[in-house]
Structure formats: structure tokens, C-alpha cells
2 protein chains.
Amino acid sequence: MHGSRRVKIVDVAAAAGVSVTTVSHVISGRRPVSAATRARVEDAVRRLGYQADPSARGLRTQRTDTIGLVVPDITNPFNTELAAGIQAIAYARGLLTVVCEAPITGGPRLPAVLGQLTARRLDGIVLGRFGAQRADLDLIAASGTRLVRLGTRIADGPGDVVRGAETEGMRELVRYLAGEHGYRRIGFIGGETGVEPGGERYEGYRQALAEAGRTVPEDLTVWTGFTREGGRAGAARLLDAAEPPDAVVCANDLIAIGALDVARQRGVHVPGRLAVTGYDDIDAASMVSPALTTVVNPAREIGRSAARLLIDRLDGDDGPAREIVLTHQVVRRASA
Amino acid sequence: MHGSRRVKIVDVAAAAGVSVTTVSHVISGRRPVSAATRARVEDAVRRLGYQADPSARGLRTQRTDTIGLVVPDITNPFNTELAAGIQAIAYARGLLTVVCEAPITGGPRLPAVLGQLTARRLDGIVLGRFGAQRADLDLIAASGTRLVRLGTRIADGPGDVVRGAETEGMRELVRYLAGEHGYRRIGFIGGETGVEPGGERYEGYRQALAEAGRTVPEDLTVWTGFTREGGRAGAARLLDAAEPPDAVVCANDLIAIGALDVARQRGVHVPGRLAVTGYDDIDAASMVSPALTTVVNPAREIGRSAARLLIDRLDGDDGPAREIVLTHQVVRRASA
DNA sequence: CTGAAAGCGCTTACAG
DNA sequence: CTGAAAGCGCTTACAG
């Protein structure tokens, strides 16, 4: 049932009439080989369909040619785009990418997942937004696995960083609400407290209000979860306030979509009586109605940059830690 | 422990005062070990933080403990759910899952991706919906990699199959439109012709009309692409027909969402003047308004079943090829 | 119940 | 420009 005997490097050597040393070098290109010999070896490789055994190679080289992406939610469209960006770059380099989920609550927790991945001796790990413990990060770094963190600050731990300019993006969005549009009571619905990108985005909201000479209306700030459910709960709370908001800034699009649900259900017109904004610009942002005013989070490009950074490191770049910041872009649609 | 020397099995053996053979057997549980010895070894493993090198193990066992999922579009929510289902089962078994994209058009093509994966000696592959060549499939099977195909028929190639009851699901949906609801002119917007799951779903539509003693209104059938854009183009065509439809059945949710766009833009009330239905029940289906009436495609459950099937095979099940069919479920919301 | 040793299939110093 | 051989870190017959 299982195919014939796998062809190995000795078979190729025999077919080409050379040593396995030479076959190996033809394949890797790591030392000069005469044109004639090279041709014979390449021909044998092709004829026999030889593909080196990755376990044997990995045992020798101490490399797995595999990198990992760890995210809290594999079905979140932002993370999916991220994965697509990483894969595009990694695939071209012959690196395999494994995407692992470590939910914030429920399911295998982050330390357990990171443990699995270091056990697998991955060459590098891209760590999606997380409230990761410093100890977890140090464990990765200590294991020799290269690390790229997403959406946090370079000072927060080992490894390189790629992030969007989130504070700036949110500041511009809220500046637009508070200035041009003249909304007076602007509330905020965040995700889980302490989980990025909540802090960055809240900070942008705060700064924009401060610029406009206002303070954060504490009674209009709620922290829930980065989900549609969270948005529903948060919006319900805000609309029940003694003095309800005329605009609500949400920490991501899913929360905003939940807020839209509540507004529709209660007959609150958007944006007439309540403006609603999101963050990320996931596909659904333009599918709901009214379509969401939001900020583009360049997920795919973040993924590409992270993969390039990782590959540089694997190629021996041992320079100081780097931080790559990608620009934001506000998208005005119908909801605000 | 600055990424210095990795601890290996000899270190554990030395620390526990036993042979590496015994350490290996304590870990694998493949032969009896006295309780006292076992305790000492387990203690040493814990103290030293030992994790077996997967390359070394793989070289010996000829296993990679890794499975692959290949899909045409990694950002499609259906495929994401599929991946989540597979991973949940695989992770619990200590199997790593790699998700690879092989676009129908553009990007690395299917044979190239399958080549990469067989080179990696994956233990098993789950192949998402595809117009895969028989030769590609035979290549996988011949390499000893176990194969599960999704959404096709068992007779179409080697390996096992998992699929939803799509013809049945669509038949029930259209039966509901044509019977209970009394829609008279029911149009159909399909994706690319010849690409699954288009055929299955069209067939269900056709059967339901036949049951109701009607024929397919040829002027109300259009084939575009499985995207929101495709839905817009298709709906525009149908609404421009000499005798427009009062209901339009779409081959998936994205198409239906595009149809909703066109209806809104033209001021055609849904479902009052035009009913719209989708298929898959992706997250966005309940986010748009009116919320989509659609059919649940149990993506996550399909993933779970595929992973279980694969694991059975890896555990030595050499029985005849199996086909698992999962039931459908119509979800009635506001759009029809 | 336990251990010594072969060998999985590569890559890479070392040698010519 | 090329080859013989060591060795990467495990698992598993084989032996006691």
C-alpha cells in the first residue's frame, strides 16, 4: 500500500556515479562542482524524483525550515490576512508556516502552545497580539528561536517588532469625529483590558480628546471583549447611561458591528442619533449597513514585513532589535 | 540557559542514573518500566525541561507528526473554520497542522504546493475543494501520505472523503421558497462554472423546482464568481431581465451579500420585492441587513471529521476508503 | 525490568 | 574539483 522504497541520496549518487558528498553539494550549491558532474547529478535527481528527507537534514543542520504564527483567534479575519502575508513570503523561501491558535480564554493557553512550538524547534515565531508574559517571551528567545512580536513595543521584550501606527490612526479618526463632525459625547468600547491592541487604540482616543480640550468621559468608557458579542454588551451599557453618547468609538470592527446590532434593535438611527466607528477594516466592515467608518489595519503587509524580518535573522542578521511601524489610513463610510 | 546547549536524552539518562533506552521508553510508554525508575526519569525530564528533538525522532520513526490542509483561499471564512476544526483535533493528538494556499488562479498552483508538502513528508493531507487532477491525487497516495478529500465523491480518486449534503441542503431551501413562501420566479446566481461546490448546489435548486412541477427559468440563471463582486454583477443582470425574479438563490453567502448590495442601491426591498438566499452561513451572513436566510455548511465539523479520519489511518486503520456525509441545516433569517 | 549498540538519511569538517 | 567518514539525537531490535 505504501509506495515503493523512497529514493535517498545514495541512490542518486549511484545513478550519477559520484559520491553522496557531491550530490549534497550540487543540491545546496555550497561548493563548486564541475559543470559536467553537476549536469549528471541534476539529471539523476530529476529522473529519480529525489527529495531530501527533511528530518535527516534537520537533524544535521539544526534547522526545521519552519516558522510559526501564533494568534488568539484563527478565524478572526485580521489574523487570516496576517497569515496570508507571512505565507506568501515564507513559501517563496521554502519555509513552511504553521498557524497556531492560543485563545485568550478557553482552549490551549499561550504558554502551552509556545511550549509545543519550541519543542518542535521552529526556526522562528511570529507572535500575534497578546498579553504575553515576559517570561514566555524570554523562554522563546532562550531556546534560540527567532522572535517577531506584533503590535507591541520594542522595549516590552526580546525580538523584533512590527506594528501599525495604531495610536495615530485612532487619534486621526477621533479628531475627525470631535472636530469636523462636532460630536459632543464620544464614548469608547474596548476589548479585554490589558490585551493589545486595546491600549494603543484607547490612547489615540484619549489623545484626540485632549487635543480638542476635552477629557475622557469616564461614564462612557467600557471594556468588554474583541467580539461582536462584546460590542453588543458594551453598546447596551452606553445607551443606558444617564447621559448617552452621540458617538461611540470601538476598539475593533467586530465590536462596532455589535454596536450596530444594538442600535438597530433599539431603533437608534446611525449615524443620525449615534455615530459608530470601528478599527481594522475587515471585509465585513463594508458589508454591514450602514457601512462602517473605520481605520485600515494593513494586516497582510504586517505579515509580509514580519516574515522578511524573520528571514533576515535566519540568514544571520545579528544586528540590534528592529521595530517596523506601518502607517494607518482612515476610511470614511456611512456610520460616522 | 541562554540558548546554550540543548538538553538531550543522554543528559536525562545521566541525571536519572538510567540508560537512554529506559528514558525513551518512559516517555513513549512502549514498554513497562518500574514505578521507581519511572518516577526518577520523569523528575529528571521535568527538572531539565527535556523535549525530544523532532528531527531525530522523525528520522528514526519516519513520521513528522505533521498534517497539511490545502485550500484555494486561506482568507475565505469557510476555509478558516475548516482549519480551526482540523487543528482542534490535531493539536490534542500532538500533531502540527500546516495550512497551505493554492489559488485556483494566480499564486503557486496546486501541483507545486502538493510537491512541497510531499517533500516535507507530511503524515497526512486534507485537500479542500478543488478541481484536482487525478494524477496529483495519485502522487500523494503513492508517496505514502494519507489523504482525505473534501467535498467530492469517493469514486473520484484515492483516499477518504468528507462532505456536506449540499444538494439536499439547497433542495430544502428552494423547496421552502417555492412551497411555503410561494415565490414564483426564482433565479439562481452561481460561481465559476465547473468549480465545486457550484454543481452540487445548482443541482439541489434544480431538483426542488422539478419537485414543484417547474423548470429552471433559463433567463434567470447566471454564472459569475464566488465573491461579493460576482453577486453584484449577477444580481444586476437578473434585475434587468425582461421579467425579473421575485427571489434569487445564490450559490454562496458572498454572492448573496453582493445581491443585497444591488437591491439596496436600486431601492428594491428585500424580502418584500426580492427574496435573497445564500449558502454556508459565514459570520457575515448574520451581520448584513436584512440578515441572510441561508444553509449552514458545517465547516468546523467537516474539519473535525477529516482530522479524525486521518488520525485513524495514521493509527493503522487500513480498511476500505470511507465517505462521511454531514447533514445540512436551513437557517431562516430576514432576507427570504 | 533494563541496557549496549545499530542505524535512520542527511551535511560538513577533513583530506587529497 | 572530489570523496570517505564522522556524527546530528533519537528509537528499537536484540540480549540479558
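Letters A, B, ... are given to chains in the order of the sequence lines, protein chains preceding strands, and every chain is numbered from 1.
The backbone N or O of A:R121 sits less than 3.5 Å from a side-chain atom of A:T64, completing a donor-acceptor pair. The main-chain N or O of A:D73 is found under 3.5 Å from a side-chain atom of A:N79 such that the two form a donor-acceptor pair. The main-chain N or O of A:V18 is never found under 3.5 Å from a side-chain atom of A:T22 such that the two would form a donor-acceptor pair. No donor-acceptor distance shorter than 3.5 angstrom exists from the side chain of B:R120 to the backbone of A:D53, with no hydrogens or angles considered. In this structure, the side chain of B:S24 does not engage the main chain of B:V20 through any donor-acceptor pair within 3.5 Å. The backbone N or O of A:E323 sits nowhere less than 3.5 Å from a side-chain atom of A:D160 that would complete a donor-acceptor pair.
Residue contacts for B:S55: at a heavy-atom cut-off of 4.0 Å it reaches no nucleic acid atom on any strand shown.
The side chain of A:S19 places no N or O atom within less than 4.0 Å of a non-bridging phosphate oxygen (OP1 or OP2) of D:dA4. Of the side-chain N and O atoms in B:T37, none sit less than 4.0 angstrom from OP1 or OP2 of C:dC1. For the OP1/OP2 pair of C:dC1 and a distance below 4.0 Å, the side-chain nitrogens and oxygens of B:T22 include no atom meeting the criterion. OP1 or OP2 of C:dC10 has at least one side-chain nitrogen or oxygen of A:Y50 nearer than 4.0 Å. Distances shown here put a side-chain N or O of B:Q62 below 4.0 Å from the OP1 or OP2 atom of C:dG9.
Summarising the geometry, the separation between CZ on A:R121 and P on D:dC8 is reported as 14 Å, rounded to the nearest angstrom. In this entry the distance linking CZ of B:R63 with C1' of C:dC8 reads 15 Å, nearest Å. Atom CG of B:D53 and atom C1' of C:dC8 are 13 Å apart (whole Å). Atoms CG (A:L59) and P (C:dT11) sit 11 Å apart, rounded to a whole Å. Rounded to whole Å, the distance from CZ on B:R38 to P on C:dC1 is 9 Å. Regarding A:R6, its CZ atom lies at a distance of 22 Å from the P atom of C:dG7, rounded to whole Å. One can place CZ of A:R57 at 8 Å from C1' of C:dC10, the figure rounded to the nearest angstrom.
Looking at which nucleotide of DNA chain C each of A:I9 and B:S34 is closest to, the 5′-most match is held by B:S34. Comparing A:V33 and B:A56 against DNA chain D, the residue whose closest nucleotide sits nearer the 5' end is A:V33.
Exactly one of B:T37, B:V23, B:V26 qualifies for a side-chain contact (heavy atoms from CB on, under 4.5 Å) with B:E42. That residue is B:V26.
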So what is the 5' to 3' dot-bracket string for DNA chain D, if pairs are Watson-Crick or G-U wobble with both distances under 3.5 Å, crossing pairs use [ ] and | means the partner sits on another strand?
|||.||||||||.|||

Check: protein-nucleotides 12-16 of chain D nitrogen or oxygen pairs below 3.5 Å:
residue, atom, partner, partner atom, Å
D:dT12, OP2, B:R30, NE, 3.3
D:dT12, O4', B:R60, NH2, 3.0
D:dT12, O4, B:T21, OG1, 3.3

Steps toward salt bridge (charged side-chain N to carboxylate O under 4.0 Å, His left out) verdict (A:R47, A:D11):
CA-CA 11 Å; A:R47 249 177 27 242; A:D11 302 321; over 6 Å; no

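The number of heavy atoms from other shown groups lying within 6.0 Å of CZ (B:R30) does not exceed 12.
Contacts classified as side chain to side chain donor-acceptor pair (under 3.5 Å) and involving residues 302-311 of chain A (residues at least two apart or in different chains) are given here: A:E301-A:R304.
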